[in-house]
Enquirer: 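Handing you a structure now.
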Amino acid sequence: MTAAELHSLPQRRQDGGSEVYHLIRPEGAAHLDRPHVIVHRMKLYQDEVTAIDGVPVTTPERTWLDMAEVLSVDELVAMGDACVRVPRLDFEGRSMPLCSRWDLQRIIDRHRGKRGLRTAKEALELIRVGADSAQETMLRLAIVRAGLPEPELNVPIITGDGVRHHEPDLSYRKYRIGIEYEGEHHGGESQLTRDIARSERYAALGWTEVRISKRHMVNDAKPAAAKVLVALAQAGWRRGI
C-alpha cells in the first residue's frame with residue numbers, strides 16, 4: 001500500500017485515522033517493531049526493488065502483485081491500467097509506462113503460490129493500455145460486463161482528410177460514439193467552456209457524445225452502461241449481430 005502511494009497508483013481509499021506504513025522484510029530477517037508500521041514477511045528478489053527520492057520501494061509490477069492480496073479484481077485492473085498506460089510527457093514529465101503487461105505476467109509466473117495470485121491472473125486478462133484514470137477503467141469494465149462491445153481508449157478521432165482531432169476517453173469509431181467521463185474538475189468555469197467546445201466539435205464531426213459523471217457510476221455503473229447502450233442502439237448496434 002505504501003509503495004502504491006509512492007508510485008501514485010490508484011487503490012482502495014482508506015478511511016481516516018493514523019497513517020500506517022507497510023514494509024516487506026525478507027524471510028529470515030530480524031524482527032522489526034515500530035509504531036504505525038506493518039511488516040510483511042515474504043520472498044523479495046533484488047530486481048523487485050527500486051527507489052523513489054532515495055526511498056527503497058517495490059517496483060510497480062511487484063507492488064501490483066502484492067496489492068492483489070487486498071484489492072478486488074476491478075480495483076486491481078485499475079491499478080494495472082495505471083501501470084501500463086503511456087503517460088503524457090507534457091503533463092507528467094515521462095513518456096514510458098511504469099511497466100508492461102509482460103512485466104505483470106512475469107511477476108505472476110515468478111511467485112507461484114503467493115496469496116492473491118488468482119485475483120492477479122483474472123485482473124491481468126482485463127488490463128488494457130490507454131485508460132487515463134481509475135474511473136475510465138471502471139466505466140470500461142461496466143460496459144463490457146453489460147454485454148456491450150469493448151470500447152477503445154483515448155484513440156484520436158481522425159477524419160477522412162487526415163486531420164487528427166481530440167481523443168475521447170472511450171469510443172466506438174465504427175458507430176461514431178465518444179464517451180467522456182466528467183470528473184470533479186469539470187465543475188470549473190474554464191473547464192465548462194472547454195467541455196462545451198468539445199461538444200460542439202463532436203456535433204461538427206457527426207459524432208455522438210455520451211457524457212458520464214459520478215452519479216452514473218452507482219450500482220456497479222449500471223446507469224452508465226445503460227446510457228452507452230442507448231447511444232449504441234441509436235447508432236445501429238444490435239446485440240448478437
Side-chain angles (χ1 to χ4, degrees), residues 2-11 13 50-55 57-64 67 75-104 123 126-141 143 150-173 176-214 216-217 224:
T2 303
E5 292 179 9
L6 292 173
H7 285 299
S8 299
L9 295 173
Q11 56 180 313
R13 290 187 176 181
T50 185
I52 298 178
D53 296 330
V55 178
V57 297
T58 48
T59 60
E61 58 267 33
R62 174 57 196 261
T63 301
W64 175 82
M67 293 300 292
E75 290 168 337
L76 199 62
V77 173
M79 181 176 285
D81 279 3
C83 284
V84 304
R85 64 178 287 272
V86 179
R88 301 172 190 272
L89 180 61
D90 293 343
F91 297 102
E92 301 170 66
R94 63 183 180 92
S95 58
M96 294 298 294
L98 294 175
C99 66
S100 66
R101 291 186 81 258
W102 182 87
D103 292 323
L104 299 179
L126 299 170
I127 289 172
R128 302 289 185 270
V129 175
D132 276 340
S133 70
Q135 292 83 359
E136 290 178 24
T137 295
M138 296 302 183
L139 177 56
R140 170 176 63 85
L141 294 176
I143 288 171
E150 182 166 342
E152 295 180 294
L153 306 176
N154 285 288
V155 175
I157 298 174
I158 301 177
T159 48
D161 55 4
V163 175
R164 180 187 177 112
H165 298 271
H166 66 283
E167 302 175 4
D169 293 336
L170 305 90
S171 64
Y172 298 104
R173 282 183 285 178
R176 294 193 173 190
I177 294 172
I179 306 165
E180 304 285 358
Y181 183 85
E182 314 288 24
E184 295 178 358
H185 68 284
H186 284 261
E189 183 175 349
S190 60
Q191 184 62 52
L192 181 60
T193 300
R194 288 193 291 270
D195 288 346
I196 291 174
R198 185 192 64 199
S199 295
E200 291 171 345
R201 288 197 301 272
Y202 269 115
L205 293 169
W207 277 56
T208 298
E209 180 187 32
V210 179
R211 300 178 70 174
I212 303 296
S213 66
K214 184 178 180 179
H216 298 104
M217 300 299 288

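Everything quoted here is computed from the prediction, not taken from an experiment. Only this structure's heavy atoms are used, side chains among them; waters, hydrogens and symmetry mates stay out.
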Enquirer: Taking side-chain contact (heavy atoms from CB on, under 4.5 Å) as the test, write out the residues that go with D103, two or more places apart.
Expert: E61, C99, S100
Enquirer: Does any part of the side chain of L104, heavy atoms only, come nearer than 4.5 Å to the side chain of V84, both counted from C-beta?
Expert: yes
Enquirer: Give me the atom names and distance for the closest heavy-atom approach of L9 to A82.
Expert: CD2-CB, 3.9 Å
Enquirer: Considering non-hydrogen atoms only, spot the tightest contact between L6 and I52 and give its length.
Expert: O-CD1, 3.5 Å
Enquirer: Count the heavy atoms belonging to other residues, nucleotides or ligands that lie under 6.0 Å from CG of D161, then report whether that count exceeds 12.
Expert: yes
Enquirer: If you compare all heavy atoms of V86 against all heavy atoms of S95, which two are closest, and at what distance to 0.1 Å?
Expert: CG1-O, 3.7 Å
Enquirer: Run the side chain to side chain donor-acceptor pair (under 3.5 Å) test against D81 and tell me which residues pass, sequence neighbours left out.
Expert: T137, R140
Enquirer: Quick check for you: to the nearest 0.5 Å, what is the distance between E92 atom CD and D90 atom CG?
Expert: 10.0 Å
Enquirer: State, yes or no, whether a side-chain contact exists between R173 and I158 at a heavy-atom distance under 4.5 Å.
Expert: no
Enquirer: If you count the non-hydrogen atoms of other residues, nucleotides and ligands that lie under 6.0 Å from CZ in R101, is the total more than 12?
Expert: yes
Enquirer: Just how far is it from atom CD1 of I212 to atom CE of M217, taken to the nearest 0.5 Å?
Expert: 8.0 Å
Enquirer: For the atom pair OG (S133) and CZ (R85), what is the distance rounded to the nearest 0.5 Å?
Expert: 9.0 Å
Enquirer: Return the minimal non-hydrogen interatomic distance between P151 and L170, and the atom names on each side.
Expert: CG-CD2, 3.5 Å
Enquirer: With a 3.5 Å cut-off and no angle check, do the side chains of T63 and T58 form a donor-acceptor pair?
Expert: yes
Enquirer: Would you call E167 and D132 a side-chain contact if the rule is heavy atoms closer than 4.5 Å?
Expert: no
Enquirer: Taking atom types as modelled, find out whether N154 and E136 have a side-chain donor-acceptor pair closer than 3.5 angstrom.
Expert: yes
Enquirer: If every non-hydrogen atom of P10 is compared with every non-hydrogen atom of A134, which pair is closest and at what distance?
Expert: CB-CB, 4.0 Å
Enquirer: For R94 and M96, work out which heavy atoms get closest and say how close.
Expert: NH1-O, 2.6 Å
Enquirer: Can you confirm whether E75 sits close enough to M138 that some side-chain heavy atom of one is under 4.5 Å from a side-chain heavy atom of the other?
Expert: yes
Enquirer: Is the closest side-chain heavy-atom distance between I179 and Y172 below 4.5 Å?
Expert: yes
Enquirer: Side-chain atoms of residues 199-208: list all donor-acceptor pairs with protein atoms under 3.5 Å, sequence neighbours left out, distances to 0.1 Å.
Expert:
unit_1 : atom_1 : unit_2 : atom_2 : d
S199   : OG     : D195   : O      : 3.1
S199   : OG     : E209   : OE1    : 2.6
Y202   : OH     : E180   : OE2    : 2.6

Enquirer: Rounded at 0.5 Å granularity, tell me how far CE in M67 sits from CD in Q11.
Expert: 4.5 Å
Enquirer: Considering only heavy atoms from C-beta outward, does the side chain of L98 approach that of W64 to under 4.5 Å?
Expert: no
Enquirer: Find the distance between CD (E150) and CD1 (I143) and round it off to the nearest 0.5 Å.
Expert: 9.5 Å
Enquirer: Side chains of R211 and H216: does their closest heavy-atom pair fall under 4.5 Å?
Expert: no
